[in-house]
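Heads up, the thing below is written out as structure tokens.
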Number of protein chains: 4
Amino acid sequence: MPKIVDHDQYRKELLAKSFNLFAEKGYAAITMRQVAQGIGVSTGTLYHYFPSKEVLFEQLIEQSCQESILTVQSRMKNTQTLRERLALVAEYIEEQEEKLIRQTQLWIDFCQHHAVNPKDLSLWQRMNHRHEQAAAEMLEITNPEIVKLLGCVIDGVLLGRMLGSREISFTKQLGLFGEILAASSEKN
Amino acid sequence: MPKIVDHDQYRKELLAKSFNLFAEKGYAAITMRQVAQGIGVSTGTLYHYFPSKEVLFEQLIEQSCQESILTVQSRMKNTQTLRERLALVAEYIEEQEEKLIRQTQLWIDFCQHHAVNPKDLSLWQRMNHRHEQAAAEMLEITNPEIVKLLGCVIDGVLLGRMLGSREISFTKQLGLFGEILAASSEKN
Amino acid sequence: MPKIVDHDQYRKELLAKSFNLFAEKGYAAITMRQVAQGIGVSTGTLYHYFPSKEVLFEQLIEQSCQESILTVQSRMKNTQTLRERLALVAEYIEEQEEKLIRQTQLWIDFCQHHAVNPKDLSLWQRMNHRHEQAAAEMLEITNPEIVKLLGCVIDGVLLGRMLGSREISFTKQLGLFGEILAASSEKN
Amino acid sequence: MPKIVDHDQYRKELLAKSFNLFAEKGYAAITMRQVAQGIGVSTGTLYHYFPSKEVLFEQLIEQSCQESILTVQSRMKNTQTLRERLALVAEYIEEQEEKLIRQTQLWIDFCQHHAVNPKDLSLWQRMNHRHEQAAAEMLEITNPEIVKLLGCVIDGVLLGRMLGSREISFTKQLGLFGEILAASSEKN
DNA sequence: AATGAATGAGAATTCATTCAT
DNA sequence: AATGAATGAATTCTCATTCAT
């Protein structure tokens, strides 16, 4: 009888624990020893679950995207009215800000060093799409071109905050964007 | 007889030549040998002009920001009418897209690994400000809150394109943003 | 209820199964995991039967030599006439060629890394002796000096084939050697 | 002006110095640090001259074979009479015994771990051929089949001595082989 | 007995940096 | 000033061995 460990489940835990480490220092700058130490295992164990640093990183990206998608979905599930959804999305996006930033850091890193293949790209786009959709619902936007623009605003705030700007925030910028949109559409 | 070269001038040339290399691979991932080879000198020469990889990188950031600022300014100088400026800025931002993306890559990289000090930050902000101003003039925006929002849109497009999205572009998104702004303000 | 297996018997089976693996890759180059996988058990099981890689290897050498000796002996047992023996030895040596090569590989490997102790050495010499004797009988050689020379020829063929030469074979070279011997002795 | 080093010449010196180290411990068992230390340089320097352990080993094999061939040739060059040649070959083979053994060790090692390509093989065969030829001249053998047999005897002595047998030697076994040959041919 | 997860010392290799020329 | 050889600490990764189940 072997030691009882759900290999796959544990692998996912290790990935979750490495998330911050990779996001903070970047793929190239963090060492496997630092990762191992940071999540409390030996390098040997790390390599027992992942064949290489690169694969670990790829799985990290994948899991973090998929989890993000699931989280948004599940948040939406148990609510019926638009008002409820709006509240939840607003709450969600503020609460997830740090995570969103880290996720974007990871993705930028990933793009720089890997020839991003279609599967990965679609995963990222799907994730982004969910976030855009959630925000679009919050702001009651239907025009797809404007949803895209909204995506840019979100990404812009993300990048701004990633680079340390404290003058902008999701609430403020999205709020302003919502107002402008409302004002412009009233006219039509 | 020493070669007649202005030490400082040559240093700047080396920085200019390293720009793409650092932007493409990232600070941690590129090696000094790769940089040296990429710009056609020996590692020894590189170390003759820069005491360390880190300092080289810092000077790279600084020079690239300052140059960007100067470029925008000079572009604006010789034009009087708004229309002329608009044309030039539009042309400029499209033409510089790739450079802007690389610059942002570098800056993200820099922020991840250095405790950004006020001097650096102000440099970056000044640079960003110039770009925002240029774009603001193009779109005839005066409200500072909206200029900030515009900054987010620009950054968002930048991030989007950095991550490989081909569905968005400065022209399209800024155009749309301009329209919405116009529509919303007409009402007032 | 423990499984009904003779511990010692099973150990021997494991040794037999590891023979090829060690011979093909060499002691230093093969890993215990590869061995375990190759013979269809877990590393834990391997270590249950052998305290270390080194001991496993030593026992492998010993068992393979002893088995070789027994095989030659048993082949000889049930035959009385010289002719019969000759036929069997000839058959045996051709049929065992691959095994002999592997055995020699193992032994070379062993000598390189271990201070060969007298017990081991005598084992090897006894084995070699048997083979020489068998071949000597086949060729009806009695002079001990010439038996030694015969040993060299056998070893030479072994080494040649180990290194991939397809131009020589036991049958051919031993045959030629026999002829020369016959020719030279007729004269006396 | 760079440090004045004949890169290629120094590479060859490093190879020559590594010869014994690899032969004694075997490719898999020796570490690059041990090699570096053994030849008095840093690991970094080793990797400055050889891209990998494997390539170092391959070049080692090649250089050692080629050198062997050249040595035999040069030894033969300046001598006219058969007697002189015989003396030199006898001297050579005894004096080179240890080197021949090590070379064979290396080659066995090489064969075990590399898919030997035709170029390598022909190098080895050419080297072997030279040795056979030299010995054949010494013993005045012309029949190609018997030269091949002679090769087996040489290889057999080589293997025997490699495995520690002190009862056989080139002089003794080749001498005996020569006598037998002479005896057998006189009859014809 | 049997498994395979866990360990950490040690392997190959890289790379910022120094230094002789 | 310029070169590239040399260094060795640090990196990624491996593997004999141990141990909980």
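Side-chain atoms are counted along with the backbone in the values below, which use heavy atoms only and exclude waters and symmetry mates. Per chain, numbering begins at 1; letters A, B, ... match sequence-line order.
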| field | Closest-nucleotide 5' rank along DNA chain E - winner of G44(C) and I30(B) | value | G44(C)

| message | Categorize T43(C) for me: base, sugar-phosphate, or nothing, with a 4.0 angstrom heavy-atom threshold over every strand shown. | response | base

| When you measure from the side chain of M32(B), which nucleotide among dA6(F), dT17(E), dA11(E) comes out closest? | dT17(E)

| request: Look only at the side chain of T45(A) and the backbone of V41(A), and say whether a donor-acceptor pair between them is shorter than 3.5 Å. | output: no

| query | Would the number of heavy atoms belonging to other residues, nucleotides or ligands and lying under 6.0 Å from CD of Q37(D) be above 12? | reply | no

| Of T45(B) and Y47(A), whose nearest nucleotide on DNA chain F comes first from the 5' end? | T45(B)

| task | Please check the phosphate of dG4(E) (OP1 and OP2 only) for any side-chain N or O of S42(C) closer than 4.0 Å. | result | no

| message | Nearest whole Å is fine: how far is dA5(F) C1' from D8(D) CG? | response | 15 Å

| query | Are the aromatic rings of Y49(B) and H7(B) close, with centres under 6.0 Å apart? | reply | yes

| note | Dot-bracket for DNA chain E, 5' to 3', Watson-Crick and G-U pairs with both distances under 3.5 Å, [ ] for crossing pairs, | for partner on another strand, reads .||||||||||||||||||||

| query | Reckon S52(C) touches a base, only the sugar-phosphate, or nothing at all at heavy-atom distances under 4.0 Å? | reply | sugar-phosphate

| query | Angle class for the Y27(B)/H114(B) ring planes (parallel below 30°, perpendicular above 60°, tilted otherwise)? | reply | perpendicular

| task | Starting at atom CZ of F50(C), determine the distance to atom P of dC15(F), rounded to an integer number of angstrom. | result | 20 Å

| task | Tell me what L56(A) touches on the nucleic acid: a base, only sugar-phosphate, or nothing, going by heavy atoms under 4.0 Å. | result | nothing

| query | Within this structure, what is the CZ-to-P distance between R33(D) and dT7(F), rounded to whole angstrom? | reply | 15 Å

| task | Indicate yes or no for a side-chain donor-acceptor contact from Q63(A) to the backbone of L15(A) under 3.5 Å, with no hydrogens or angles considered. | result | no

| field | Nucleotide nearest K53(A) (side chain, heavy atoms from C-beta), chosen from dA5(F), dA12(E), dT12(F) | value | dT12(F)

| request: Starting at atom NE2 of H7(D), determine the distance to atom P of dT21(E), rounded to an integer number of angstrom. | output: 18 Å

| query | Can you tell me if Q103(B) uses its side chain to pair, donor with acceptor, with the backbone of S64(B) under 3.5 Å? | reply | yes

| For dA2(E), does OP1 or OP2 lie under 4.0 Å from any side-chain N or O of Y49(C)? | yes

| message | Between P on dC15(E) and CD on Q37(B), what's the gap in Å once rounded to a whole number? | response | 12 Å

| query | Rounding to a whole Å, what distance do you find between H48(A):NE2 and dC19(F):C1'? | reply | 13 Å

| field | Main-chain N/O of D120(B) paired with E58(B) side-chain donor or acceptor, under 3.5 Å | value | no

| request: Specify the separation, in whole Å, of atom CD of E54(B) and atom P of dA16(E). | output: 12 Å

| note | Separation of dG10(E) atom P from K25(D) atom NZ, nearest Å, is 13 Å

| query | Any chance CD of E13(D) has more than 12 other-residue heavy atoms, nucleotides or ligands included, within less than 6.0 Å? | reply | yes

| Base, sugar-phosphate, or nothing for L46(A), non-hydrogen atoms under 4.0 angstrom? | nothing

